[in-house]
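Written below as structure tokens is the structure these notes are about.
Atoms within each ligand, like the ligands themselves, are counted from 1 in listed order. Atoms considered below: every heavy atom in the structure, side chains included; atoms not considered: hydrogens, waters and symmetry mates. Sequential numbering from 1 along the given sequence is applied to the chain's residues.
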Amino acid sequence: MLKKITNVRIPHEPSSSLWDIAIQDGRIVSVDPHDSSANDHAADTLDGGNRLIAPSLCHAHIHLDKCFLLQDPKFSDLQIENGDFKEAMEMTGEAKSRFEEDDLLRRGRQLIEESIQHGVTAMRAFVEVDGVVQLKCLHAGLKLKEEFKERCEIQICAFAQLSLFSGQDAGAEVRKLMTNAASYEEVEVLGSTPYVEDSLPKSKENVQWITQLSLQHQKHLDLHLDYFLDSHKQPLIWDTLTVLREQHWQEKANNKQITLGHCTRLTLFQKEDWARLRQEVAGLPVFFVGLPTSDLFMMRSPEKVRGTLPVIEMIYEYGFDAAIAVNNVGNAFTPYGNCDPLSIASLGVGLYQAGTKKEAETLYVRTLLTVPPAPLNAIMQETVSSRAKAAIGCESTSLGLVPEQPADFVLFDNIESGWRCRKSVVEVVYDAGYRRQTVYRGRPTAGVR
Ligand SMILES: [Zn+2]
């Protein structure tokens, strides 16, 4: 356990100044100007070597059980032929029928390990629960949660990817298994996928049922919502918010949160729709999580236009709380990309056209009253760090590195990087590089100086 990290650059100070961070019991005690006379070589001191230190990263939304299906030899016969959503569902369904504890642990462990190397210290991991996999994915997820507890906070979401009210037995088996999963104390989140139901009334029933189950067991709720890009098809978000109000989430949930992932259909919203959404969300602890790499690969309108939740605009223009996340790694839903949340932040520079300093300043000034006073790119970094942690109800460390916050950090580059080393969060968002060191609750968990 570290007591000090010395000689580091920090986000909200000029890159020419160096700082020392004192840590006690895994929390920040103070951040002071670097004292060069202090002993940087003590066993409980990490010499930062002029590197930039920032809050550690988070996967607000990642599928632990279906990662690396395209890489694991066990599933090598399942490769992408068409690259569409139907094939991804079928291929994943076939793979799921072969899931066993050994491959679930092997693939999941790889994903968590690679994520920690990239600077991740918290994640919401989705594990599927249905008649095909029964509780195998959940049990493997819980084993990994325990195995990594000293290095990463793994929040388990028991998740019904298949329908709860459609199909052969009208979802009865999935509901039974989900009810069982909900009774596990170590399961923090319950989730479902209303868009897989075969009619609108059943999609609503799906939301009602999972909301009720979450309230009954006092779990966070996470819905994969409106994952389509067709203006003729109405989004389910309005009914979902109605259900949440009707079931008195605010009064009954004991500060548990509601996270809405994907929401690709909202891309087609006009100003008045956003304003209405802002009004209807008011008072509910709703967080949005955009999953741009999956959207880009899987979603397009009938006119072949791509779309993904405009996360930056939602934060700045409408004051929503939103994050961005990786979603899938190495499967037919998202075959490209890696476990690095910063690769999504970097993609965001292009996606949201948020790259120049001028744009950042303009956006900053325009939204001064509704968002924390930080430049745009800092906010973007925060969409994969502290805002992402907030989106899943985890305690987070802010860019200001405030005393009493958790000592959860990532350091960039290494001592030998010279002038090319990242000196600011903006540089990190442009190109984070691959050398990192991760610290979780004051404990170095990956990487070397
Ligand atoms: Zn997902």
Sequence neighbours left out, what passes salt bridge (charged side-chain N to carboxylate O under 4.0 Å, His left out) with Lys176? Give chain and number order.
-> none
Would you mind telling me which of Asn327, Asn328, Thr334 makes a side-chain hydrogen bond (donor to acceptor under 3.5 Å, both in side chains) with His63?
-> Asn327
Taking the side chain as every heavy atom from C-beta outward, state whether Phe288 and Leu309 have any pair of such atoms under 4.5 Å apart.
-> yes
On the 0 to 90° scale, with breaks at 30° and 60°, tag the Phe269-Trp238 ring pair as parallel, tilted or perpendicular.
-> parallel
Among the protein atoms near the Zn ion (ligand 1), how many are N, O or S and lie under 2.8 Å away?
-> 4
Mind jotting down which residue pairs meet the ring pair (Phe, Tyr, Trp, His ring centres under 6.0 Å) criterion with at least one end in residues 169-194? Sequence neighbours excluded, please.
-> His139-Tyr184
How would you list, by chain and number, every residue that makes a side-chain contact (heavy atoms from CB on, under 4.5 Å) with Ala95, sequence neighbours excluded?
-> Leu69, Phe75, Leu78, Phe99
